[in-house]
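Below you'll find the structure, written out as structure tokens, and then a few comments.
Order of the sequence lines fixes the chain letters, A, B, ..., with proteins taken first and strands second; residue numbering starts at 1 for each chain. Predicted model, so just to flag it, every value in this text is computed and none were measured.
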Protein chains: 2
Amino acid sequence: MIIWCGEPTDVRPICVTIHNAARLTLMESSTGSERVTLAQVAERAGVSVMTASYTYNRPNRVSDQARSKVLAAAAELGYPGPDPSARSLRRGSTRTLGVVMGEHLSYAFEDPEATSFLAGIADVCADRGYGMTILPITGGSADVPRVTDAAVDGFIVWTTSDDDPILAAVQAMKRPAVVHGGPAVNGMGLVSIDNRAAARAVGSLAFAGAQRPAVVSFPLSRDRTSTIEGGADITAVRFPVTRERLEGYRQAAEDTGTAWHDVIVAVCARNDAAEAERIAATLLAFDEPPDAIAAMSDQQAAGVVRAARAAGRVIPDDVAVTGWDDAAVARQLGLTTVAQSLRDQGAACALAALGHEPNSQTAPWSIVRRDSTRV
Amino acid sequence: MIIWCGEPTDVRPICVTIHNAARLTLMESSTGSERVTLAQVAERAGVSVMTASYTYNRPNRVSDQARSKVLAAAAELGYPGPDPSARSLRRGSTRTLGVVMGEHLSYAFEDPEATSFLAGIADVCADRGYGMTILPITGGSADVPRVTDAAVDGFIVWTTSDDDPILAAVQAMKRPAVVHGGPAVNGMGLVSIDNRAAARAVGSLAFAGAQRPAVVSFPLSRDRTSTIEGGADITAVRFPVTRERLEGYRQAAEDTGTAWHDVIVAVCARNDAAEAERIAATLLAFDEPPDAIAAMSDQQAAGVVRAARAAGRVIPDDVAVTGWDDAAVARQLGLTTVAQSLRDQGAACALAALGHEPNSQTAPWSIVRRDSTRV
DNA sequence: CTGTTAGCGCTTTCAT
DNA sequence: ATGAAAGCGCTAACAG
């Protein structure tokens, strides 16, 4: 019964044996009886439909006797309780919030900051007895109908590009809606930190004493092209959060005496340590390699740190590195970074989406200064 | 504008400055007009309600002329499209799957394996045009109504205890339902690996050549008591996945000549590296410390590794360590572990919950043998 | 405390 | 290609 194969060599998987083939078992079909209605329960209990309804919705408005008759009838009939769809229609409310999580499907669940954000929404939903519906977005044309068909009382949209068609679809639903990060959309709330100010602040630490500052950036547009260039046309950037951060880095660079077009901007297609490591390795192999790299996430910064170590550089002396978010990895690596609570921002979005008046909120941020910068 | 404070000392945060107080801005109230209905659109377009309905549902059954009249009227009136709740009621389907994510609220979003599982569900939902509703569970009495009120076509339940009241609530909904991991519930599907066999297999590696094997375990019951004891009353364990794994470890211990009551079982309240590290440190400080520790997750195993290093032990010579899940951290640390695809299992659950006949499936697993075990 | 009436907004018949 | 009728299952509003 001992199962293994191959020989140990290094820390990578040496061999994986599929031990158990997937196996399918059909079970008995679910109780195929027709859907039981409240009217049937009422009839069986010998009361009116309203008495049955009150039994579920306002139990104290009903006599003990009537209530137990209704409950008994419901049990006999196997009544699953009032149908949620019918209830939603009648009440005009679904007690559910919709969350649109960005243009790539698995993004919501792969990015630790995105999951913190979701946890913040879940906190509020659990507290208020709401469900939360994740609207999986793929970037395809089926995304809009998915938003349109969602039976929710309000929407929360994870940061996206100015030109994302999902925004118009959400807006057209005429329900309370909040965007996290950006863009600002007429009639929707906006919950965000001041990305420009935060980028300027952390960039000032990253670029202090540096001759050749660089930025490792999120994508500039929805096509997610990966590029390396001196400067970047900031006004053409379609993701407002990225645009604001680049603007902040630009100011920080100019504050420390470097013109923006001399700042190397390395654009990654995804927020991913591995890609950041590759692109940072490329930068560090230049004849005149950067001596300061400001990344847009701690994940990216972790990749940069690995690339720097692999290239034999000392942090921060040879190259300063900064991250963003103050994730666990930032603490582990001693990264100077921007701290913000995505969880709190998720909660703020949920509260705003629950209210009838969409509201906007500027969230707090701070700089956490550690050992990865010269100052 | 440069924001920081304090002085760098080590890799932990030295100071966090709240730069920006949270600020609230109320925006203009959303277009307060009454909800526009399909009937109003039809009237304005000068057609019947059905023509308007067909325009949205079967566009080819409607003449171009009628369709454009309807669309024009809808635009003028600001009609958001057919109301999802009304549609669900009439159609008898919500095109949404409900996911019950365990008794602790943030669990779903903090555990990387849980998020993989969710990503697998999201894959299927996106593909089939379904939404997914997360039902946040707190462990309180409000959980059952939340399940009861969920407007979903089917349920997926993340592994829980035999006595979790949520199971009866889901069962009572009489919709297709699948449990991941366990327990097996009459009328619901079950998607799981053979935890007992996998535990026996990985336990055989962990305990090979060991004199004093130990297990770092998930909680045994919903009260999540943290304990350390020789052996454990396996039959009393309320979480079937944990029970099966303990049973497998018991077999592995007996296979290598150790009686179960001589196996130290350290029960953690949560699946958490920090708690595992603390409890492992306690174990390793014993007069006769364990020389093999099998954990129930890679997270826990990572904590064990840290504790072992802190205690100056060499892995695997002084103490062998195994994990579970083959997460990224297992590769980093060179952990022998059980590999399974939570993502695939999530997808399997979603497919089962979409079908009318609940089905069960035994998922594949394998052992990944690395350097943390003696064999 | 209980019941009657009305209708939430939509789409499935079935006719024309 | 279009329309009339019927009703999905429930609950707000109002009697009694």
* Asked: Using a cut-off of 4.0 Å on non-hydrogen atoms, how would the nucleic acid contact of B:Arg87 be classed: base, sugar-phosphate, or nothing?
  -> sugar-phosphate
* For B:Val49, report the nucleic acid contact type (base, sugar-phosphate, nothing); a contact means any heavy atom under 4.0 Å. => base
* Electrostatic pair A:Asp83-B:Arg90, nearest N-O below 4.0 angstrom -> no
* Residue pairs passing the ring pair (Phe, Tyr, Trp, His ring centres under 6.0 Å) test where at least one lies in residues 37-76 of chain A, sequence neighbours excluded -> A:Tyr56-A:Tyr79
* Structure fact -> Residues pairing under ring pair (Phe, Tyr, Trp, His ring centres under 6.0 Å) where one sits in residues 135-155 of chain A, two or more places apart or in two chains, turn out to be none
* Separation of B:Leu38 CG from B:Leu77 CG (nearest 0.5 Å) -> 11.0 Å
* **Value rounded to 0.5 Å, distance of OG1 in B:Thr51 from CZ in B:Arg61** => 12.0 Å
* Quick check: does any side chain N or O of A:Ser88 sit under 3.5 Å from a backbone N or O of A:Thr94, one acting as donor and the other as acceptor? -> no
* To do: On DNA chain D, check which nucleotide each of B:Leu89 and B:Arg61 is closest to and give me the residue with the more 5' one.
  => B:Arg61
* Structure fact -> DNA chain D nearest-nucleotide lookup for B:Ser48 and A:Ala39: closer to the 5′ end is B:Ser48
* To do: Heavy atoms of chain B, cut-off under 4.0 Å: which first and last nucleotide of DNA chain D, 5' to 3', fall inside that, if you could look?
  => D:dA1 to D:dG9
* **Side chains of A:Met132 and A:Val124 in contact at under 4.5 Å (non-hydrogen atoms)** => no
* Can you tell if the side chain of B:Leu97 reaches within under 4.5 Å of the side chain of B:Val152, non-hydrogen atoms only? -> no
* **Nearest non-hydrogen partners of A:Arg95 and A:Arg128, listed with the distance** => NH2-O, 3.4 Å
* By side chain to side chain donor-acceptor pair (under 3.5 Å) - contacts of B:Thr133 (at least two apart) -> A:Thr133
* Asked: Quick one: how far along DNA chain C does chain A reach, first to last nucleotide 5' to 3', anything under 4.0 Å to a heavy atom?
  -> C:dC1 to C:dG9
* Return the 5'-most residue of the pair A:Val62, B:Tyr54 with respect to DNA chain C, ranking by each residue's nearest nucleotide. => A:Val62
* Using a cut-off of 6.0 Å, state whether more than 12 heavy atoms not belonging to B:Gln40 lie near its atom CD. => yes
* **Residue-level proximity of residues 64-80 of chain B to DNA chain D when a heavy atom falls under 4.0 Å** => B:Ala66
